**Q** 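Once you've had a glance at the structure underneath, I'll fire off some questions.
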Amino acid sequence: NIVLIQTQRTAVWTSQQSHGYLVLTNAQVQKGKVSVSLINAAGQAVASRNFTHTGGAFNQVMPLPVSAKGIYNIKIDSEGLSSVLRILIQ
């Protein structure tokens, strides 16, 4: 399970865990590149993924490292906008 702890800026990003994957959704994302990084407590990116988005609703998955349990930040960059979500992976 993933528990959302806090977000850095008000955004409509949501996340959940499904069979070893992080599922990211947002109802409206601008066309362009979307970069997602999973950052551990030491500040190291343990997983990252880049997406090319056509605009509109965003619903993508990213594999999680096998040992991914604990508190992480998810950093999402999209066309000049940046969001950070703090999550707990159980």
Side-chain angles (χ1 to χ4, degrees):
N1 289 338
I2 291 182
V3 178
L4 179 64
I5 298 173
Q6 70 179 37
T7 60
Q8 183 184 45
R9 70 186 289 269
T10 304
V12 288
W13 287 99
T14 60
S15 61
Q16 63 183 16
Q17 181 182 7
S18 177
H19 305 288
Y21 289 88
L22 178 66
V23 180
L24 295 164
T25 58
N26 187 322
Q28 184 64 37
V29 176
Q30 291 183 358
K31 179 180 179 179
K33 294 182 181 179
V34 177
S35 300
V36 179
S37 297
L38 183 67
I39 302 167
N40 67 14
Q44 300 167 319
V46 295
S48 62
R49 184 115 188 244
N50 294 312
F51 302 95
T52 300
H53 186 58
T54 57
F58 184 90
N59 186 16
Q60 295 288 341
V61 297
M62 173 176 159
L64 290 171
V66 174
S67 61
K69 291 193 187 306
I71 295 176
Y72 292 87
N73 287 325
I74 302 171
K75 184 172 189 244
I76 305 166
D77 293 309
S78 172
E79 295 304 311
L81 299 175
S82 184
S83 296
V84 176
L85 292 77
R86 180 164 291 173
I87 60 169
L88 169 64
I89 301 176
Q90 301 177 358

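Everything numeric here is computed off the predicted structure, so don't read it as measured data.
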**Q** Test your reading of the model: is there a side-chain donor-acceptor pair from Asn40 to the backbone of Ala42, 3.5 Å cut-off?
**A**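 Yes: the side chain of Asn40 pairs with the backbone of Ala42.
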
**Q** Is it true that the side chains of Asp77 and Ser82 contain a donor and an acceptor less than 3.5 Å apart?
**A**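 There is such a pair (donor and acceptor under 3.5 Å, judged by atom type) between the side chains of Asp77 and Ser82.
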
**Q** Taking Arg49 for its side chain and Val61 for its backbone only, find out whether a donor-acceptor pair lies under 3.5 Å.
**A**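 Here the side-chain-to-backbone pair exists.
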
**Q** With a 4.5 Å heavy-atom cut-off, do Val29 and Leu81 have their side chains touching?
**A**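 In short, these two side chains do not touch, never coming nearer than 4.5 Å.
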
**Q** Rounded to the nearest 0.5 Å, how far apart are OH of Tyr72 and CD of Gln44?
**A**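 So the OH of Tyr72 and the CD of Gln44 are separated by 10.0 Å.
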
**Q** Mark yes or no for whether Glu79, through its side chain, and Lys33, through its backbone, hold a donor-acceptor pair below 3.5 Å.
**A**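 Yes: the side chain of Glu79 pairs with the backbone of Lys33.
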
**Q** Of all heavy-atom pairs between Val46 and Pro65, which one has the smallest distance, and what is that distance?
**A**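 Of all heavy-atom pairs spanning Val46 and Pro65, the closest is O-CG, 3.9 Å.
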
**Q** Are Ile39 and Tyr21 connected into the same hydrophobic cluster when the rule is that any two of I, L, V, M, F, W, Y join if their side-chain heavy atoms are below 4.5 Å apart?
**A**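 No; tracing contacts between hydrophobic side chains, which count when under 4.5 Å, never links both residues.
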
**Q** If you measure from CG on Asn50 to OG on Ser37, what distance do you get to the nearest 0.5 Å?
**A**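 Rounded to the nearest 0.5 Å, the CG-OG separation comes out at 7.5 Å.
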
**Q** Hey, what do you get for NZ (Lys75) to OG (Ser35), rounding to the nearest 0.5 Å?
**A**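 These two atoms lie 8.5 Å from each other.
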
**Q** Would you give the length of the straight line joining atom CD1 of Ile76 to atom CG of Leu24, rounded to the nearest 0.5 angstrom?
**A**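 Result: 5.0 Å between the selected atoms.
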
**Q** Heavy atoms only: give me the nearest Val34-His53 pair and the separation to one decimal.
**A**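 Here Val34 and His53 meet closest at CG2-CB, 4.1 Å.
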
